[in-house]
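Everything below concerns the one structure shown next.
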Amino acid sequence: MFLTAIIVYLIVLLTIGIYKTRSVKTQEDFMVAGRKTPVYKLVGTLLATWIGSGSIIAGAGLAYRVGFSELWLSAGAWVAIVIVYFLAGRVRKISQYTMPDILEQRYNKWARILGTITIVIAYVTIASYQFKGGAFVLNLVAGIPVEQGIIITAVFVVLFTALAGLVSVITMDIINGTLMLLGIVLAVPIVLNDVGGWTSVREALPPDRFAIFGQKDFIWAMGVFFPTFFLLLGESSMYQKFFSAKDAKSARQAVIFWVIGTIIIETSITALAVFASAKFKLQESEKVILHLATHGSEIGLPQIIGIMLIVAAMAIIISTANSFLLTPSTNLARDIYQRFINPNATHKQIITLQRILILILGFIGYLLLTRFQTVLQMALTAYTMIGAGITPALLAAFLWKRVTTAGGVASIATGMGITLIITLINMFREEPLLEADYIVLPAAAGSILVLIIVSLLTPPDPPEKWKPFVENKE
């Protein structure tokens, strides 16, 4: 039953992708869905993009181990989305295609190049651990070995993403967003009842599972809060979705429903993991939601709810992988090839190149999986790469007139460099130089300090550089 449900779901998605290829005529169609996306579709795709294996695998696994203090990881995104509300209209008004477009317009070509490198490294990492999440699902429902499951998931994601680009991804995400809300949210009260209610959960688990910092402290909380906070503020795929909105008002309205949906779904995932920890003793905590879906009958969970949960998990994984492969392929096609190699490239050439790049990046993502032990490590490293490398310079572009070109470029290089250096050192040491939970602290601090100091030490940029970003007239 579980496998049949997943197969039906994947066939539906593939059919949508094949159908939507007919509507892809131009680069604008493939990259930003023709800039015609209404509010309800924008909400669905923003939800489906953000809620991925980082939530259903890494976040749930952390909640299983530490309890409700995991919500510090999720809360970083909630706060960031509130800030995004005030930027969404301005972002859509600029009407570019990619994040590096914005960086070059405000700074220079080096900001575009460094931004593209940062995004490609981080986003391929994020896409790759979605492959692992899909493999976990296939292993549990069909006994497919994880290594083979990774290949199957990767092939499907690459094929679907390459078919129609953002047009197919946004259409699919309406289905995915609905599945997430129904599957995850409906399961919470049922699972709580099946494990004996709130009193039974409190009695079965140690008190620290309900404490504000769990077994940790404030420094740890900030170490997991800021990666998601900075990532979302600099999330290139999100800005690409804003560029696809039909107008600035639609972009802002979508953000309101997005934050509500994100809080509901992520809190529900955390609650499910904590409730499950009161009944199931697992070696691999990152599979807790998947285990609950497939073995929930042991505690009385109806099979239909388990099926909805497992399909919702697959929807979460596939939709995020699509977006995080599409974005770096868009960056390479537009921000490197079209900008520096072939400025006169035709729409057909760009679309063909991007499809080839999706295939190449998917393969690189598969290779990356061998370098990290857990999905949580991969998630925090990728989040920090964007959060420290892109976000400070990007926010300064919209919020600080005095930021200079030199300050922005230096900030991107510093944030990316610190993250990359610590990560590479960790890969070749038995004992890490700095745990993934804490890399964001020196990386983001260095990026922000360099941004401020270099900007104040260099001459201000001319008004034509900063006015389109700071003025809020529509």
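The CD1 atom of Ile452 sits 11.5 Å away from the CG atom of Leu457 when rounded to the nearest 0.5 Å. Distance check, rounded to the nearest 0.5 Å: OG1 of Thr153 to CZ of Phe131 gives 8.0 Å. One distance of note links CD1 of Ile422 with OH of Tyr438; it measures 14.0 Å at 0.5 Å rounding. Taking CD1 of Ile184 as the reference point, atom OG1 of Thr270 lies at 10.5 Å (rounded to 0.5 Å). Here OH of Tyr383 is found 11.5 Å from OG1 of Thr125. Values are rounded to the nearest 0.5 Å. Distance check: Lys132 NZ to Asn139 CG gives 12.0 Å after rounding to the nearest 0.5 Å.
Among residues two or more places apart in sequence or in another chain, the salt bridge (Lys or Arg N to Asp or Glu O under 4.0 Å) test is passed with Lys287 by Glu284. Not counting sequence neighbours, Thr391 has no partner by the side chain to side chain donor-acceptor pair (under 3.5 Å) test.
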Pair Lys109-Phe340, side chain to side chain contact (heavy atoms under 4.5 Å, CB included): steps then yes or no: CA-CA 9 Å; Lys109 67 178 183 180; Phe340 298 107; 3.8 Å; yes
side-chain hydrogen bond (donor to acceptor under 3.5 Å, both in side chains) assessment of Ser447 paired with Thr414: CA-CA 5 Å; Ser447 180; Thr414 302; over 6 Å; no
Verdict with supporting geometry, Ile151 and Glu147, side chain to side chain contact (heavy atoms under 4.5 Å, CB included): CA-CA 7 Å; Ile151 295 171; Glu147 278 301 318; 5.8 Å; no
Audit row: Leu420, Met385, side chain to side chain contact (heavy atoms under 4.5 Å, CB included) steps and yes/no: CA-CA 8 Å; Leu420 202 54; Met385 181 70 74; 3.7 Å; yes
Side chain to side chain contact (heavy atoms under 4.5 Å, CB included) evaluation trace for Val79 with Phe225: CA-CA 10 Å; Val79 176; Phe225 174 92; 4.0 Å; yes
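Using a 4.5 Å cut-off on side-chain heavy atoms (C-beta onward), Pro460 and Trp466 make no contact. Contact annotation: the side chain of Thr228 never approaches that of Leu232 to less than 4.5 Å [non-hydrogen atoms, C-beta and beyond]. Under the 4.5 Å side-chain criterion, counting only non-hydrogen atoms from C-beta, Leu73 is in contact with Glu70. Contact of the Trp220 side chain with the Val224 side chain is registered, since non-hydrogen atoms from C-beta on lie closer than 4.5 Å. By the 4.5 Å heavy-atom criterion applied to side chains, Ile51 and Thr320 are not counted as neighbours. In this structure, Tyr366 and Ile150 have side chains that are in contact, with non-hydrogen atoms separated by less than 4.5 Å. In this structure, the side chains of Leu441 and Ile219 come closer than 4.5 Å at one or more pairs of heavy atoms. Contact check for Leu380 versus Val440: no side-chain heavy atoms found under the 4.5 Å cut-off.
Arg402 and Ser455 share no donor-acceptor pair across their side chains, judged by distance under 3.5 Å alone. Between the side chains of Glu266 and Trp78, a donor-acceptor pair is found at a separation under 3.5 Å. Donor-acceptor pairing under 3.5 Å is lacking for the side chains of Asn108 and Thr405. For the residue pair Thr419/Thr384, the side-chain donor-acceptor check at 3.5 Å is not satisfied. In this model, no donor atom of one side chain and acceptor atom of the other lie less than 3.5 Å apart for Asp461 and Thr404.
Smallest separation of non-hydrogen atoms from Ala254 and Leu42: CB-CD2, 3.6 Å. Of all heavy-atom pairs spanning Phe230 and Ala444, the tightest one is CE1-CB, 3.8 Å. Here the closest heavy-atom approach between residue Gly115 and residue Ile390 is recorded as CA-CD1, 3.6 Å. Taking each heavy atom of Ala313 and Leu290 in turn, the nearest pair found is CB-CD2, 3.6 Å. Counting all heavy atoms, side chain and backbone alike, Ala273 lies closest to Ala60 at CB-O, 3.4 Å. The two residues Tyr9 and Ile318 have their closest heavy-atom pair at OH-CB, 4.0 Å.
Using modelled atom types, no side-chain atom of Thr161 and backbone atom of Val158 make a donor-acceptor pair closer than 3.5 Å. In this structure, the side chain of Arg355 does not engage the main chain of Ile351 through any donor-acceptor pair within 3.5 Å. Looking at Asp335, its side chain never comes within 3.5 Å of a backbone N or O of Arg112 through a donor-acceptor pair. Remark: side-chain polar atoms of Asn342 are not paired, donor with acceptor, to backbone N or O of Tyr337 under 3.5 angstrom.
If you run side chain to side chain contact (heavy atoms under 4.5 Å, CB included) between Ile119 and each of Leu114, Asn331, Val124, only Asn331 comes through. Exactly one residue among Arg106, Lys401, Gln105 makes a side chain to side chain contact (heavy atoms under 4.5 Å, CB included) with Lys465. That residue is Arg106.
Ring geometry, Phe229 versus Phe226: the interplanar angle exceeds 60°, so the pair is classed perpendicular (tilted spans 30 to 60°). The aromatic rings of Phe218 and Phe213 sit perpendicular to each other, their planes meeting at more than 60°, with 30° as the lower class boundary.
A salt bridge links Glu104 with Arg339: at least one charged nitrogen is closer than 4.0 Å to a carboxylate oxygen.
Atom CZ of Phe257 sits in a sparse spot, with 12 or fewer heavy atoms from other residues, nucleotides or ligands closer than 6.0 Å.
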